[in-house]
Amino acid sequence: MSEPIQPDVTVDSRGATCPGPLMDLIGKVKKVDAGTVLELQTTDSSSRHDVPEWVAKAGHETLDIVEHEDEGYWSVFVQTTK
């Protein structure tokens, strides 16, 4: 089993609906340096698909998506490249 990803920045968008979590992530991505690992916490199930799609188009990397089933949210881990 691999070690859990340790983010540099956590974006808590739990409770927000689409497109809120993605917009929150985009705002943070614009403010951090290349190589920063961000964790987007979201309760919006569409973020599991929308966020990785945007990340790829923007030239960044989706590292993992982790479901926290007991707590009712997902963590989407993204590493910036530029």
Side-chain angles (χ1 to χ4, degrees):
M1 180 180 255
S2 63
E3 291 292 316
I5 297 170
Q6 296 299 316
D8 300 307
V9 177
T10 299
V11 181
D12 187 349
S13 290
R14 292 176 288 183
T17 58
C18 186
L22 178 58
M23 299 310 294
D24 292 344
L25 178 66
I26 291 170
K28 285 290 186 190
V29 165
K30 290 180 178 181
K31 296 177 181 178
V32 299
D33 296 326
T36 300
V37 175
L38 297 102
E39 174 190 12
L40 173 66
Q41 297 176 339
T42 179
T43 51
D44 182 31
S45 63
S46 63
S47 295
R48 295 176 297 153
H49 309 289
D50 297 347
V51 170
E53 186 177 306
W54 175 81
V55 167
K57 285 181 183 177
H60 303 296
E61 182 181 357
T62 301
L63 300 175
D64 200 3
I65 300 172
V66 177
E67 182 175 6
H68 304 279
E69 201 169 338
D70 294 343
E71 293 147 28
Y73 75 96
W74 292 269
S75 291
V76 182
F77 293 93
V78 174
Q79 185 167 27
T80 58
T81 58
K82 50 185 170 183

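Residue numbers count from 1 along this sequence. Note that the structure is a prediction, hence the values are computed from the model and not measured. Heavy atoms only: backbone and side chains are in, while hydrogens, waters and symmetry mates are out.
Minimum interatomic distance between W74 and H68 (heavy atoms only, all atoms of both residues): C-CD2, 4.2 Å. Annotation for S47 and T42: closest pair OG-OG1, 3.3 Å, computed over non-hydrogen atoms. H49 and P52 make their closest contact through O-CD, 3.5 Å (heavy atoms, listed as atom of the first residue, atom of the second, distance). The minimum heavy-atom distance between Q79 and G35, with the atom names listed, is NE2-O, 3.2 Å.
Between D44 and S46, the side chains place a donor N or O and an acceptor N or O closer than 3.5 Å (distance only, hydrogens not considered).
Taken to the nearest 0.5 Å, the OG atom of S75 stands 9.5 Å off from the CG atom of D12. Considering NE2 of H60 and CD1 of I26, their distance stands at 9.0 Å, rounded to 0.5 Å. Note that the NZ atom of K30 and the OG1 atom of T80 stand 14.0 Å from one another [nearest 0.5 Å]. Atoms CG and OG1, from L38 and T10 in turn, are 8.5 Å apart once rounded to the nearest 0.5 Å.
In this structure the side chain of L40 reaches within 4.5 angstrom of the side chain of P21, judged on heavy atoms. Side-chain contact between V9 and T36: present, with at least one pair of heavy atoms (C-beta onward) separated by less than 4.5 Å. With a 4.5 Å cut-off on side-chain heavy atoms, E39 and I5 do not count as touching.
Among residues two or more places apart in sequence or in another chain, the ring-ring contact (aromatic ring centres under 6.0 Å, His included) test is passed with F77 by none.
When the side chains of ILVMFWY residues are joined at heavy-atom separations under 4.5 Å, either directly or via intervening members, L22 and Y73 end up in two distinct hydrophobic clusters. Hydrophobic clustering (side-chain heavy atoms under 4.5 Å, transitive across Ile, Leu, Val, Met, Phe, Trp, Tyr) groups V55 together with M23. Transitive grouping of hydrophobic side chains (ILVMFWY, heavy atoms separated by less than 4.5 Å) keeps V37 and V76 in distinct clusters. L25 and I65 end up in the same hydrophobic cluster when Ile, Leu, Val, Met, Phe, Trp and Tyr side chains are linked at under 4.5 Å. One hydrophobic cluster, built from ILVMFWY side chains closer than 4.5 Å, holds both V29 and V51.
By the neighbour-count criterion of 12 heavy atoms within 6.0 Å, atom CD of E71 is densely surrounded, having more than that number from other residues, nucleotides or ligands.
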